[in-house]
Amino acid sequence: MNLNTIREIKRPRSSDEIRHWQDGYAWLAGGTWLFSEPQIHTHTLIDLETLGWRAIASGPGGIEFAATCKIAELYAFHPPAEWKAGQLIGECCRAFLSSFKIWNEATIGGNIVMSLPAGPMISLTVALEGTYTLLPRDGEAREVRAADFVTGNHANVLERGELLRSIHIPGTALAKSFAFRRSELTHLGRSSVLLIGTRGEPVGGLLLTITAATVKPIQLTFDGIPTAAQLCNAIDAAIPESIYLDDVHGSPAHRRHLTYHYAEQIRQELGA
Ligand SMILES: Cc1cc2nc3c(=O)[nH]c(=O)nc-3n(C[C@H](O)[C@H](O)[C@H](O)COP(=O)(O)OP(=O)(O)OC[C@H]3O[C@@H](n4cnc5c(N)ncnc54)[C@H](O)[C@@H]3O)c2cc1C
């Protein structure tokens, strides 16, 4: 789509060049959402591509993804085999309602900042206990747990003009066993429910991450493997009816039903 309100595109070499944030500015990542609908309040795009951030850096402590890492680059990256939960990268890349454009241009950071319930990069990084580095326009960089970033449907903790710089995934989370469940109403459609369980070996606790079903990610931590009743009680306590999402991709009742159903499957799979 042509954005006919845009008067300028800035191409900074460093994010520090954008000190004084103004109304009408927008960071431009892959542009798959920005160019998909009118942006009548935006007059200046600030292209993140010219920052030249290295997409992926992997070491013994974990993986660092630049916010500008594209989904295609992420999908092509294969973490070491001993990081079993690294397979979640492929699962979550395939969890987009994806087109050629989304696959090749959308970025991890753009998806996280959109903060849509069906954002698979949110599911991935929350389940893998990620930490985001945020760059405010004035002041020091700050770190936020992925689990605390999204606060509602299309809402998050970013301050005005704040930039998501990178995502750190710890090796300890990548080394865990995992179970993945996802539902979509249409073939290759948007996720209506996406649950991920991880468990440290040999007898670690269960970490259950519930996304897409709810307006924001919900994460439940158990010391060991809960009983079926304990799991149900924990979901009851954590998810009031009001935060199950209601849209064309699934009713709250449908999403609620599948949340309990998949959670029990994950409990059994990781408890086996
Ligand atoms: C056909 C189609 C299917 C889609 N399917 C899905 C889907 O299944 N799930 C889903 O969640 N979304 C989906 N989307 C929405 C969107 O395209 C994706 O969320 C995509 O990942 C956004 O990434 P991007 O890099 O293109 O972001 P952009 O469009 O460039 O930016 C999105 C927003 O984030 C801001 N932004 C981007 N990067 C940063 C950063 N590093 N720091 C601060 N702000 C930033 C931008 O200013 C803008 O407000 C879909 C869109 C289309 C058109």
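Side chains included, hydrogens not; waters and symmetry mates left out as well; all remaining heavy atoms used. Order of appearance sets the numbers: ligands from 1, and atoms from 1 within every ligand.
In terms of protein heavy-atom proximity, atom 28 (P) of ligand 1 is closest to Gly31 N, 3.5 Å. Among protein heavy atoms, the minimum distance from atom 38 (N) of ligand 1 is reached at Ala29 CB, 3.5 Å. Considering only non-hydrogen protein atoms, atom 14 (N) of ligand 1 sits nearest to Arg190 NH2, 3.7 Å.
For atom 10 (C) of ligand 1, the nearest non-hydrogen atom from the set Ile108, Asn111, Leu134 comes from Asn111. The residue among Ile112, Leu34, Leu164, Leu48 with a heavy atom at the shortest distance from atom 39 (C) of ligand 1 is Leu48.
Heavy-atom minimum distance, Asn156 versus Ser115: ND2-OG, 3.0 Å.
Under the ring pair (Phe, Tyr, Trp, His ring centres under 6.0 Å) criterion, the residue pairs touching residues 110-152 are Tyr132-Phe149, with sequence neighbours excluded.
Backbone and side-chain nitrogen or oxygen atoms of Thr107 are examined, and one is located within less than 3.5 angstrom of a nitrogen or oxygen of ligand 1. Below 3.5 Å of separation, one finds an N or O of Gly30 facing an N or O of ligand 1. At least one N or O atom of Thr32, backbone or side chain, sits closer than 3.5 Å to an N or O atom of ligand 1. Annotation: Ala67 places no N or O atom under 3.5 Å from an N or O atom of ligand 1; distance criterion only. For ligand 1, the polar-atom distance check finds no N/O of Glu105 at less than 3.5 Å from any of the ligand's N/O atoms.
At a heavy-atom cutoff of 4.0 Å, ligand 1 is contacted by the side chain of Ile102 but not by its backbone. With a 4.0 Å cut-off on non-hydrogen atoms, Leu97 touches ligand 1 through its backbone as well as its side chain. Neither the backbone nor the side chain of Met121 comes within contact range of ligand 1; no heavy atom lies under 4.0 Å. With a 4.0 Å cut-off on non-hydrogen atoms, Leu116 touches ligand 1 through its side chain and not its backbone.
Under the side-chain contact (heavy atoms from CB on, under 4.5 Å) criterion, Thr151 pairs with Ala155, Val157, sequence neighbours left out.
Counted by atom type alone, Ser166 and Glu64 present one or more donor-acceptor pairs between their side chains at under 3.5 Å.
Using 4.0 Å as the threshold, Glu162 has a heavy atom nearer than that to some atom of ligand 1. The shell of residues lying under 4.0 angstrom from ligand 1, judged by heavy atoms, excludes Ser99.
The pair Glu91-Arg182 does not count as a salt bridge, with every side-chain nitrogen at least 4.0 angstrom from each carboxylate oxygen.
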